[in-house]
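It should be emphasised that the depicted structure is a prediction, and the values quoted were computed from it without experimental measurement.
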Amino acid sequence: MARHLITSAIPYINGIKHLGNLVGSQLPADLFARYQRARGNEVLFLCATDEHGTPAELAAAKAGKPVAEYCAEMHAVQAEIARGFRLSFDHFGRSSSRQNHALTQHFAGRLAEAGLISEVSEKQVYSHADARFLPDRYIEGTCPNCGYDKARGDQCENCTKQLDPTDLIDARSAISGSTDLEVRETKHLYLRQSALKDELDAWIESKTDWPVLTTSIAKKWLHDGDGLRDRGITRDLDWGIPVRKGTEEWPGMEGKVFYVWFDAPIEYIACAGEWAEAHGLDDTDWHRWWRTDKGADDVRYTQFMGKDNVPFHTLSFPATLIGSGEPWKMVDHLKSFNYLNYDGGQFSTSQGRGIFMDQALELLPADYWRWWLLSHAPESSDSEFTWENFQGSVNKDLADVLGNFVSRITKFCRSKFGEFVPGGSPYGPTEDALIADLSVRIERYATQMDAMEVRKSAQELRAIWVCGNEYLQSVAPWTTYKTDPDTAAMQTRLGLNLAHLFAVLSAPFLPDASTKILGSLKIKEAIWPRDQSVFLSQLTKGHAFEVPDVLFAKVTDEQCEEWKARFSGVREN
RNA sequence: GGCGUUAUAGCUCAGUUGGUUAGAGCGAACGACUCAUAAUCGUUAGGUCCCUGGUUCAAGUCCAGGUAACGCCA
């Protein structure tokens with residue numbers, strides 16, 4: 001039995017994610033996790049909320065709540081929505097957990113001992129009114145270049161000129177508006193990634209089966225310009241993991257916290273600790289997933305993320321792991337996605353543009369979204385969501401091809417033989433040919449799923465559903481019935497067995513519909529098919545079933561128009 | 001400004017290491033069927049594979065230059 005450790009990029013805490021975020025990490029990770037479990041493999045599928053950093057503090061302030069309270073609430077909201085989309089995390093953790101505090105401080109200590117941390121003095125803007133240092137982009141002022149009065153400390157959005165906060169005229173805090181600012185000298189820790197450049201380079205070079213998107217981004221960061229740059233890992237904030245060297249104080253770093261990018265990926269590991277704790281397990285139980293010296297040798301680790309996260313996962317996080325000198329499990333396969341666009345532009349959290357996860361679930365059940373998003377996953381390039389395309393896919397693939405198949409076979413059987421699987425003659429040459437064809441197709445489907453070729457998997461699955469309709473159409477049991485009821489009974493029996501097969505194969509994509517079909521066929525346990533001839537003979541004469549309700553309702557033109565209008569602007573709150 | 005990705009039928013996309021008449025789904029037209037969510041199945045029609053030049057017996061596929069869209073970095 002293979003063992004799969006699977007992580008999805010962890011969503012940031014400040015609000016509900018949109019469908020573009022979902023399809024880029026959590027959803028394909030869930031597809032893979034469900035598939036591997038269905039194949040009988042051992043899976044640990046982890047995700048968490050990324051809770052530290054300035055945006056979380058500001059969002060909390062805006063909500064009028066202490067940041068810890070805000071994060072706890074938003075974590076609960078995101079967890080609930082994840083359940084709504086049937087994301088089957090073994091644990092949905094929090095980067096603010098006790099485990100992550102300890103582990104992040106541990107890594108920092110190890111890196112310091114290895115000589116991979118340097119101290120750098122920097123000048124930073126301090127706001128007296130806000131009682132805090134301000135990141136460049138939270139300082140506003142008039143652009144010295146074009147006179148735009150809302151230029152940010154890092155760049156003027158009007159003329160695109162790069163700026164330093166000190167360049168701004170009449171600089172003020174973007175948080176409070178206060179102009180009582182002061183430039184102070186402060187010390188920060190840097191991770192000396194550059195010292196690990198050759199090791200990282202060799203490691204990336206060895207990953208010949210990774211998507212081009214992944215390796216090209218990593219190589220660019222490794223070789224561009226002066227090569228891999230060192231990166232600050234501390235910030236002057238209150239909210240975060242206090243800077244410590246392992247369990248000890250770090251002189252000169254009092255009152256500082258680790259930069260969010262440093263502690264967020266470590267949460268992948270800490271989350272396993274949270275999972276163990278939540279299930280009454282001990283350290284050895286999660287070490288066997290993460291420590292190659294403690295049983296994780298045979299683990300295959302796969303990460304899922306959008307392309308914006310690739311540099312952290314291919315370079316910075318591996319630098320942390322390698323630099324620690326400890327035998328942590330490194331990622332084996334990194335599946336990255338491009339962006340999903342919305343009606344001609346980008347989905348945008350900050351602008352509230354597009355469809356957000358909670359809104360999507362208000363319109364339609366999870367399976368509808370899962371199918372469209374996965375069958376159109378932005379694997380090779382950015383892809384585009386349009387309502388017409390969504391409506392077409394849902395109506396044709398789900399309602400007409402799969403849903404209607406289940407409906408026609410169960411209703412036909414009920415009308416001729418009652419709600420029991422009929423017996424009739426044994427399968428003949430036509431049925432054997434279908435079984436042989438399906439065996440080949442299912443093998444192809446499994447190959448694509450193993451390779452995490454999301455779109456191609458969806459295509460193969462759909463083609464398998466079509467086989468069911470083709471079969472019924474060609475043998476036409478409604479005609480056969482008139483002259484040869486025994487043969488019609490056999491054809492119907494195979495049709496019902498096909499519905500069982502489709503339910504099991506479709507479960508990773510459509511967990512709810514799968515459960516519904518299995519329920520109506522009164523099948524207790526979904527077992528992945530090995531031998532199609534055996535699998536398709538499981539439902540035998542006399543097995544009771546019920547005709548299910550409509551599996552997938554069609555999206556009407558009216559709904560489509562309404563939703564299109566409703567989601568044309570930006571989100572209100 | 002530097003770099004990256006993409007450019008194939010009306011639409012969404014496949015096209016392995018260059019190799020016979022470039023594929024699929026949707027949409028369209030026509031036909032078959034009538035069990036079913038007016039569902040299904042079949043047939044057909046649609047392409048100077050962004051442009052120019054090059055390498056080769058052979059280029060959608062490799063090389064050079066250009067154009068366009070998107071993205072990343074500064």
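Distance A:D367 CG to B:U37 C1': 16 Å, rounded to the nearest Å. Whole-Å rounding puts the A:W371 CH2 to B:C26 P distance at 12 Å. For A:R231 and B:C73, the CZ to C1' distance is 11 Å, given to the nearest whole Å. Distance A:N338 CG to B:A69 C1': 13 Å, rounded to the nearest Å. Atom pair A:E453:CD and B:A14:P shows a separation of 10 Å (rounding to whole Å applied). In this entry the distance linking NZ of A:K482 with C1' of B:C35 reads 10 Å, nearest Å. One can place CD of A:Q448 at 13 Å from P of B:U16, the figure rounded to the nearest angstrom. Protein atom NZ of A:K396 is 11 Å distant from nucleotide atom C1' of B:A38, rounded to whole Å.
Rounded to whole Å, the P atom of B:U17 lies 24 Å from the corresponding atom of B:U55. Here the separation of B:A28 from B:G71, taken at their P atoms, is 33 Å to the nearest Å. On the P atoms, B:G53 is 29 Å away from B:U12, given to the nearest whole Å. Annotation: B:U56 and B:C63 have their C1' atoms spaced 12 Å apart (nearest Å). Comparing the P positions of B:A9 and B:A22 gives a spacing of 14 Å, expressed to the nearest Å. Taking the P atoms as reference points, B:C30 lies 35 Å from B:A7, given to the whole Å. Comparing B:U8 with B:A14, their P atoms are spaced 10 Å from each other, to the whole Å. Across B:C26 and B:G46, the matching C1' atoms stand 14 Å from one another, rounded to whole Å.
Close to B:U12, at under 4.0 Å from its OP1 or OP2, lies no side-chain N or O of A:R455. Dashed line: the shortest gap from a side-chain N or O of A:K456 to OP1 or OP2 of B:G15 is under 4.0 Å. One finds no side-chain N or O of A:K554 lying less than 4.0 angstrom from the OP1 or OP2 phosphate oxygen of B:A38.
Nearest nucleotide to the side chain of A:T479, out of B:U34, B:C41, B:U12: B:U34. The side chain of A:V550 has B:U37 as its nearest neighbour among B:A14, B:U37, B:U40. Listed nucleotides: B:C13, B:U37, B:C35. Nearest to the side chain of A:F552: B:U37. Residue A:L551 places its side chain closer to B:U37 than to any other of B:U37, B:C41, B:C35.
Base orientation of B:G46: syn, the glycosidic angle falling within 90° of 0.
Outside the 6.0 Å centre-distance limit, the rings of A:F552 and A:W371 are not counted as a close aromatic pair. Between A:H500 and A:F545, the ring center distance fails the sub-6.0 Å criterion. Close placement of the A:W372 and A:F385 rings is indicated, their centers lying within 6.0 Å of each other.
Taking for each of A:A399 and A:W465 the nucleotide of RNA chain B with the nearest heavy atom, the 5'-most of the two is the partner of A:A399. For the pair A:G392 and A:L472, nearest-nucleotide mapping onto RNA chain B gives the more 5' position to A:G392.
As the counterpart of B:C3, B:G71 is assigned, both hydrogen-bonding distances of the Watson-Crick or G-U wobble pattern falling under 3.5 Å. In this entry B:G25 has B:C11 as its Watson-Crick or G-U wobble partner, both defining distances falling under 3.5 Å. Remark: B:A59 base-pairs with no nucleotide; criterion is Watson-Crick or G-U wobble with both hydrogen-bond distances under 3.5 Å. Across all strands shown, B:A64 forms a Watson-Crick or G-U wobble pair, both distances under 3.5 Å, with B:U52. B:A39: no Watson-Crick or G-U partner with both key distances under 3.5 Å is found in any strand. Using N1 to N3 plus N6-O4 or O6-N4 for Watson-Crick, or N1-O2 and O6-N3 for G-U wobble, each under 3.5 Å, B:U34 pairs with nothing.
Taking OH from A:Y368 and CG from A:L361, the interatomic distance works out to 12.5 Å, rounded to the nearest 0.5 Å. Atom NZ in A:K416 sits 11.5 Å away from atom CH2 in A:W478 (nearest 0.5 Å). Rounding to the nearest 0.5 angstrom, the gap separating the CH2 atom in A:W261 from the CZ atom in A:F312 is 7.5 Å. Going from atom CD of A:Q538 over to atom NE2 of A:H543 covers 10.0 Å, rounded to the nearest 0.5 Å.
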**OP:** Give the intermediate values and the outcome of ring pair (Phe, Tyr, Trp, His ring centres under 6.0 Å) for residues A:F417 and A:Y481.
**Re:** CA-CA 11 Å; A:F417 306 101; A:Y481 185 77; 5.5 Å; yes

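Contacts between residues 400-429 of chain A and RNA chain B, counted as heavy-atom distances below 4.0 Å, involve A:D400, A:G403, A:N404, A:S407, A:R408, A:K411, A:F412.
Identified under the salt bridge (charged side-chain N to carboxylate O under 4.0 Å, His left out) test for residues 484-512 of chain A, with sequence neighbours left out: A:R86-A:D512.
No more than 12 heavy atoms of other residues, nucleotides or ligands shown are found within 6.0 angstrom of NZ on A:K541.
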